[in-house]
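Working notes, beginning with the structure itself.
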Amino acid sequence: MINNQLYKSKYLPIFKRLGIHSVFALIALIVIGGATRVMEAGLACPDWPLCYGSFLPFSHMNLRVFLEWFHRLDAFLVGVLILFKFALSIIWKNEIPNWLPKTYSLLLFLVIVQGSFGALTVINLLDSYTVTGHLLIAFLLLISTISINQNLENDEIKEPLIWWRLLLLVPLLLTLIQSFIGVRISSTWSAHICLSFNKQCLILNSHKLFAFPITFSILLIIATAIYKRSLLNENWKYLSALIFLLFSQIVLGVLSLKTNLNEPIFIIGHQLNASLFIAILTTLIFRNPFSKKGLNHSPNSQMVGINS
């Protein structure tokens, strides 16, 4: 049973605002990491955690050094932000839901793991599996942060639509897998080898293949929301964004291949779209599928939404 009194704590708006900043910082972190990878700047700073032995390497600064340096700076700021939220949750633990400090401790652990993978990417000279693990932790941080933000808003949910969440979980998992394959493509040069010599095309073909089940699952979600009209009415902004991101992602993928992966703007845009796609799917999974106003009209309003 949720203690609604704790959800009215004067401290929760602070966590909500910090949570929103965390989401934007994490998306920026993922996109800048993608840009660093595309621009082959992963080893532009040969040491870690400093860059050329300095926090701000003015004497070595160029585009690649800047990307790697800024990527590390953003990661540091994300870590500080999550540590700050964890500290506040301990200080105010009697005034907030008891799951919040525990969840922030998990986020803090993920930040430590993320930093360790960041160090290993330099030490292991951009080993493909290390780079993939680095992205995995970043996505876990993004998904966890969004879930916390939404749970702080969901104080009136009593029976969430499990089937709706499971339906949304399918494209989320598929997109995560496709993103990991995408990292393997860029970190093993398999796409360039495939496009130039028609060899080692399995990874690239697998990445392209995942576009079909993702597209089908999103269209199924849209069709279900249209059939369950209440879901469409309450979530149409998010669903519209999903459709836009889906087709723009396909276009960016095609353009990337048409230009033989020689246009960084298309590849970086592809990474940004994937991050936003994951963020919106996660939001839909954890948010209240109906407005609070709708919940207040009838105690069985959620069941009406299921059976309408």
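These numbers come from the heavy atoms of this one structure, side chains and all, not from hydrogens, waters or symmetry mates.
- Judged by distance alone, with hydrogens and angles left aside, the side-chain atoms of Gln249 form no donor-acceptor pair with the main-chain N or O of Asn273 at under 3.5 Å.
- Between Phe70 and Phe66, the two ring planes are parallel [angle under 30°; tilted spans 30° to 60°].
- One N or O on the side chain of Thr259 and one on the backbone of Ser256 form a donor-acceptor pair closer than 3.5 Å.
- Ring geometry for Trp92 against Tyr11 counts as parallel: the plane angle stays under 30°, on a 0 to 90° scale with 60° as the upper cut.
- Residues Cys45 and Val65 meet the side-chain proximity criterion, which asks for heavy atoms closer than 4.5 Å.
- Although no hydrogens or angles enter the test, the distance criterion places no donor-acceptor pair under 3.5 Å between the side chain of Gln271 and the main chain of Ala35.
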Derivation of the side-chain contact (heavy atoms from CB on, under 4.5 Å) call for Leu43 and Thr121: CA-CA 9 Å; Leu43 295 176; Thr121 56; over 6 Å; no
Derivation and outcome, side-chain contact (heavy atoms from CB on, under 4.5 Å), residues Thr283 and Gln150: CA-CA 7 Å; Thr283 300; Gln150 293 304 315; 3.6 Å; yes
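- The pair Glu68-Arg72 meets the salt-bridge criterion, with a side-chain N (NZ, NE, NH1 or NH2) lying under 4.0 Å from an Asp/Glu carboxylate O.
- Put simply, the side chain of Arg165 gets close to the backbone of Ile285: a donor and an acceptor are under 3.5 Å apart.
- Atom CZ of Phe76 sits in a sparse spot, with 12 or fewer heavy atoms from other residues, nucleotides or ligands closer than 6.0 Å.
- Side-chain atoms of His270 never come within 3.5 Å of backbone atoms of Leu252 as a donor-acceptor pair (strictly under, hydrogens ignored).
- Considering all non-hydrogen atoms of both residues, Lys16 and Glu153 come closest at CD-OE2, 3.4 Å.
- With contacts defined as side-chain heavy-atom distances shorter than 4.5 Å, the pair Leu152/Leu100 qualifies.
- Listed for the Ser217 side chain is a donor-acceptor partner under 3.5 Å among the backbone atoms of Ile214.
- Tyr104 and Phe15 have parallel rings, their planes meeting at less than 30° on a 0 to 90° scale where 60° marks the start of perpendicular.
- A donor-acceptor pair is defined here as one N or O able to donate and one able to accept, closer than 3.5 Å; no such pair exists between the side chain of Asn124 and the backbone of Asp127.
- In this structure, Leu56 places its CG atom where more than 12 heavy-atom neighbours from other residues, nucleotides or ligands lie under 6.0 Å away.
- A donor atom on one side chain and an acceptor atom on the other are found under 3.5 Å apart for Lys85 and Ser22.
- Side-chain atoms of Asn149 and Arg287 form no donor-acceptor pair, as typed in the model, at a separation below 3.5 Å.
- Two residues are said to be in side-chain contact when any heavy atoms from C-beta on lie closer than 4.5 Å; Ile278 and Ile146 fail this criterion.
- Hydrophobic clustering, with ILVMFWY side chains joined whenever heavy atoms are under 4.5 angstrom apart, keeps Leu77 apart from Ile27.
- Checking each of Ile222, Ile226, Leu220 against Thr224 for a side chain to side chain contact (heavy atoms under 4.5 Å, CB included) leaves exactly one that passes, namely Leu220.
- Shown here for Ile218 and Pro171, the closest heavy-atom pair between the two residues is CD1-CB, 3.8 Å.
- With contacts defined as side-chain heavy-atom distances shorter than 4.5 Å, the pair Asn205/Lys208 qualifies.
- Looking only at distances, a side-chain donor or acceptor of Trp69 sits under 3.5 Å from a matching main-chain atom of Phe55.
- Two residues are said to be in side-chain contact when any heavy atoms from C-beta on lie closer than 4.5 Å; Leu239 and Leu231 fail this criterion.
- Residues Ser128 and Val183 fail the side-chain proximity criterion, which asks for heavy atoms closer than 4.5 Å.
- With contacts defined as side-chain heavy-atom distances shorter than 4.5 Å, the pair Leu141/Ile82 qualifies.
- For the pair Asp74 and Ala28, the tightest heavy-atom approach, listed with the atom from each and the gap, is OD2-C, 3.5 Å.
- Phe180 CZ: more than 12 foreign heavy atoms inside a 6.0 Å radius.
- Without hydrogens or angle criteria, Tyr52 side chain to Ala44 main chain gives a donor-acceptor distance under 3.5 Å.
- A donor-acceptor pair under 3.5 Å is absent between the side-chain atoms of Asn235 and the main chain of Tyr238, judged by distance alone.
- No side-chain heavy atom of Leu281 sits under 4.5 Å from any side-chain heavy atom of Leu169.
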